[in-house]
Number of protein chains: 2
Amino acid sequence: MLVRTPAELGAVLRDRRKKLKLDQSTFAKRIGVSRQWVIEVEHGHARAELGLILRALDALDIRLDASTEQAPARGATRPAVDINAIVAKARKKKA
Amino acid sequence: MLVRTPAELGAVLRDRRKKLKLDQSTFAKRIGVSRQWVIEVEHGHARAELGLILRALDALDIRLDASTEQAPARGATRPAVDINAIVAKARKKKA
DNA sequence: AGCCTATGTCAGCGATCGATGACTTTTTAT
DNA sequence: ATAAAAAGTCATCGATCGCTGACATAGGCT
């Protein structure tokens, strides 16, 4: 499942929690937050703390993968071979 | 790349930003945050806002994938076929 | 060396987080 | 139908966010 927005993330968490048959209370305790927090996050709270979110995902055995693939849309990717950068990098490694 | 902690997330962002040859300032402007924010997040700030994080990932064309696969560790997964749940679901759809 | 850019640090400030506890509404089960 | 459980709402409060702006360091180039 692709995650683009806080709302999508909330849906992922809720669905998974239900699949595991946890209620919000026990889930909240398991990750060390209040039940209130669970409610808000599941509803897509955009300003939730990153660290708590990651803990919640972990508690539900959800893996998060960051990939660069498949995004041919925006701006110029692949600026072709940049010989200067290569030289600079090589120099740095030596030093 | 698997993301488990705020620090790992920060590293992913930084690496990608550098690959795209953006400095923190222009990157910050692009996602609508302060340079200060970029610094802290790249350093693994655990309490960063989820929404801003997602915007940052998007700005760098990084895809986030949430999967359930490969986590045979913790508790009882796959509680076998749950006939009650299936019936309940069917009922709900009708109503 | 001297300059310039990128990055990192500090202090102050308004806005908002997440916790708590009480209450209401919705859902589930008998 | 009715009782219990789960989910949602509200207000309050201390702690911390992210922003700003100025300054400090670090690296690269001529």
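Order of the sequence lines sets the chain letters (A, B, ...), proteins ahead of strands, with each chain counted from 1.
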* **Heavy-atom closest contact (B:E8 atom, B:L2 atom, distance)** => OE1-O, 3.1 Å
* **Atom-to-atom span, CD of A:Q24 to P of C:dT26 - whole angstrom** => 15 Å
* Under-4.0 Å side-chain N/O to phosphate OP1/OP2 contact, B:H45 with D:dT16 -> no
* Atom of A:L13, atom of A:L60 and distance for their closest heavy-atom approach -> O-CD1, 3.6 Å
* **Between P of D:dA7 and CG of A:L13, the distance in whole Å** => 14 Å
* To do: Would you mind telling me which of D:dG18, D:dG8, D:dA7 lies closest to the side-chain atoms of A:I39?
  => D:dG8
* For residues B:A66 and A:V12, report the shortest heavy-atom separation together with the two atoms involved. => CB-CG1, 4.2 Å
* Integer-rounded Å distance: C:dA19 P and A:K29 NZ -> 14 Å
* Toward the 5' end of DNA chain C, by each residue's nearest nucleotide, B:R47 or B:E42 -> B:E42
* To do: Please report, rounded to the nearest Å, how far the P atom of D:dT9 is from the CD atom of A:Q36.
  => 9 Å
* To do: Examine D:dG18: is either OP1 or OP2 under 4.0 Å from a nitrogen or oxygen in the side chain of B:R55? Give yes or no.
  => no
* **Whole-Å distance separating the CH2 atom of B:W37 from the P atom of C:dC10** => 21 Å
* Could you tell me the separation between the NE2 atom of A:H43 and the C1' atom of D:dA7, rounded to a whole number of Å? => 8 Å
* So what does A:V38 hit on the nucleic acid, given a heavy-atom distance under 4.0 Å: a base, only sugar-phosphate, or nothing? -> nothing
* Closest approach of A:V41 and A:A48, non-hydrogen atoms and distance? -> CG2-CB, 3.8 Å
* What is the distance from CG of A:L50 to P of D:dT16, rounded to the nearest Å? -> 17 Å
* With no hydrogens and no angle check, is any side-chain donor or acceptor of B:R17 less than 3.5 Å from a backbone partner on B:L22? -> yes
* For B:K18 and A:V41, take the nucleotide of DNA chain C holding the closest heavy atom to each; which residue's nucleotide lies nearer the 5' end? -> B:K18
* Asked: To the nearest angstrom, how far is A:E40 atom CD from D:dG8 atom C1'?
  -> 10 Å
* Which residue lies toward the 5' end of DNA chain D, B:A48 or B:R35, if each is placed at its nearest nucleotide? -> B:A48
